2 protein chains.
Amino acid sequence: MRNLRLMPATALFPTTVKRALKSEALTALEVEAIDLFISFVRLFGLPKSIGEIYGLLFVSPKPVPMDAMMERLSMSKGAASQGLKLLRSFGAVKTAYVAGDRRDHYTADFELSRFATMFIKHELQPHLDSGLARLDRMERLMEKLPRDQKSATAPRMAKLRHWQEKGQMMMPLIAKFLVS
Amino acid sequence: MRNLRLMPATALFPTTVKRALKSEALTALEVEAIDLFISFVRLFGLPKSIGEIYGLLFVSPKPVPMDAMMERLSMSKGAASQGLKLLRSFGAVKTAYVAGDRRDHYTADFELSRFATMFIKHELQPHLDSGLARLDRMERLMEKLPRDQKSATAPRMAKLRHWQEKGQMMMPLIAKFLVS
DNA sequence: TAAGTTGTTCATTTTTATTTGACTAAATCG
DNA sequence: CGATTTAGTCAAATAAAAATGAACAACTTA
């Protein structure tokens, strides 16, 4: 699985310093943090692997490269790469430069509100937006209903409109509140 | 699948009125409502079938029995029964008495906030509660860290505490806002 | 420039969530 | 009471989501 190469016995003074070959087991603190963030990200419908990565970075005193994460979390390269891509996309992790290392190193951004604003932007807002067009469509369909059905349906559509508007209004407020 | 029995030709005056044997196809309005609520309930991590049931009831002028839902939504008995059980559990649907019919009939409760309060109660609150104990645990683990790591970790734990408290405070406010 | 390193993509596999429908219990009917 | 209707349960089937790892591209470096 890992492709370890044994260093030839003659290489007493290797020109490049080899990195640690074995990854440390997770500390109790790391396990707690990972656990915490797994359930946190689940709240936003994100996969476990996202929580694992973020949790590990959250308590890491120094930037962590992807291969170290993979090893310590026993996670595939694909999951790590995709997870970091997503976390980067909404600013939950940042890359950090580490001198003399070609690999990208990652740190957590501690503004947890990023998860919420990401959720609002990618899940809630689109839903609210398409909902507006749908409501118009539904009201037009309602018009064609026989009188009695129409009168029964009208107040329900009003309720929907009400919630739609409430949602639209809430979004900026919540966003503002979260950033504070 | 359905077990239809043909009525014997002699039964011109049946003692009990047989119900309609064929279910009507969904109307355009029903399809819109179902679509709307499927994506709405997904927001709360609920399965599609929940959205289908609630969407259908939302635009039904009269109470609907379970077998009618099953037919019109082409949904299994299990999904219908379990879905209604869940929706009932947080008050999103109510049962209505219909004279001369032994079956339970269901209507939608139009207070959409029930979905949100259900989510808060069953997903958010438990997470916040267990989070409190976890934070204590993490802080105790942090104490045992070497000086330098500890000083790097401390502000992160403070951030976590901050969000935890913010969350605890927000819950009642959100709840109040939703009901209004 | 050849060999090695790092990171991405995506078809396949694995895992998890949801749905199905046979079975059953309970209630009502004749 | 026996037949029928209604609705709940749960093991098995199916569908959906997530993880894996091989293949590849883009760099680096020796």
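In what follows, every heavy atom counts, from backbone to side chain, and hydrogens, waters and symmetry copies are set aside. Source: prediction; values computed, not measured. We name chains A, B, ... by the order of the sequence lines, and we start the count at 1 in each one.
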Practice problem: Please tell me which of the listed nucleotides, D/dA19, C/dG4, D/dA7, lies nearest to the side chain of A/P47? | Solution: D/dA19
Exercise. Quickly work out the B/R103 CZ to D/dG8 P distance and round it to whole Å.
Key: 14 Å
Quiz item: Is atom NZ of B/K121 surrounded by more than 12 heavy atoms (other residues, nucleotides or ligands) closer than 6.0 Å?
Solution: no
Exercise. Can you figure out which of C/dT8, D/dA19, C/dT5 approaches the side chain of A/K48 most closely?
Key: D/dA19
Self-check item: Test applied, side chain to side chain contact (heavy atoms under 4.5 Å, CB included); reference residue, B/I34; option that passes from B/L36, B/I38, B/V31
Solution: B/I38
Self-check item: Proximity to the side chain of B/M66 - top-ranked nucleotide from D/dT4, D/dC10, D/dA7
Solution: D/dA7
Quiz item: Considering only C/dT28, C/dT19, D/dA7, which nucleotide approaches the side chain of B/D104 most closely?
Solution: D/dA7
Quiz item: Salt bridge between B/R137 and A/E32, side-chain N to carboxylate O under 4.0 Å?
Solution: yes
Quiz item: Can you check the B/I50 CD1 to C/dT18 P distance for me, whole Å?
Solution: 9 Å
Self-check item: Base D/dG8 paired with B/K85 side chain (donor-acceptor, <3.5 Å)
Solution: no
Self-check item: Separation of atom CD in B/E52 from atom P in C/dT20, rounded to whole Å
Solution: 8 Å
Quiz item: If you pin B/L84 and A/A80 to their nearest nucleotides in DNA chain D, which one's is more 5'?
Solution: B/L84
Practice problem: Identify which nucleotide among C/dT19, D/dG8, C/dT8 has an atom closest to any side-chain atom of A/K77, counting heavy atoms from C-beta outward. | Solution: C/dT8
Quiz item: Which part of the nucleic acid, if any, lies within reach of A/R42 when heavy atoms closer than 4.0 Å are counted: base, sugar-phosphate only, or nothing?
Solution: nothing
Quiz item: Looking at side-chain heavy atoms only, is the closest gap between B/M142 and B/Q149 below 4.5 Å?
Solution: no
Exercise. Return the value, rounded to whole Å, for the distance between atom CG of B/L46 and atom P of D/dA16.
Key: 17 Å
Quiz item: Is there a side-chain contact between B/S76 and B/M70, using heavy atoms and a 4.5 Å cut-off?
Solution: no
Quiz prompt | Heavy-atom pair of closest approach, residues A/A79 and A/M75 | solution = CB-CG, 3.7 Å
Self-check item: OP1 or OP2 of C/dT20 under 4.0 Å from side-chain N/O of B/S76
Solution: yes
Self-check item: Distance below 4.0 Å between A/S49 side-chain N/O and D/dA19 OP1 or OP2
Solution: yes
Quiz item: In whole angstroms, how far is the C1' atom of C/dG7 from the CE atom of A/M70?
Solution: 10 Å
Self-check item: Atom-to-atom span, CG of A/D67 to C1' of C/dT8 - whole angstrom
Solution: 15 Å
Quiz item: What about the rings of A/F115 and A/F90, do their centers lie closer together than 6.0 Å?
Solution: yes
Exercise. Could you state the atom-to-atom distance from CD1 of B/I38 to P of C/dA17 in whole Å?
Key: 20 Å
Exercise. Answer yes or no: does a side-chain N or O of B/R88 lie under 4.0 Å from OP1 or OP2 of D/dG8?
Key: yes
Quiz item: Which of the following nucleotides, D/dT20, C/dT20, C/dT5, is nearest to the side chain of A/M75?
Solution: D/dT20
Quiz item: So, do A/F40 and A/Y54 have ring centers that fall under 6.0 Å from each other?
Solution: no
Quiz prompt | Atom pair distance, as rounded to whole Å: CE in B/M69 and P in C/dT19 | solution = 15 Å
Quiz prompt | Terminal helix-axis angle for the helix from C/dT1-D/dA30 to C/dG30-D/dC1, with five pairs defining each axis and rounding to 10 degrees | solution = 0°
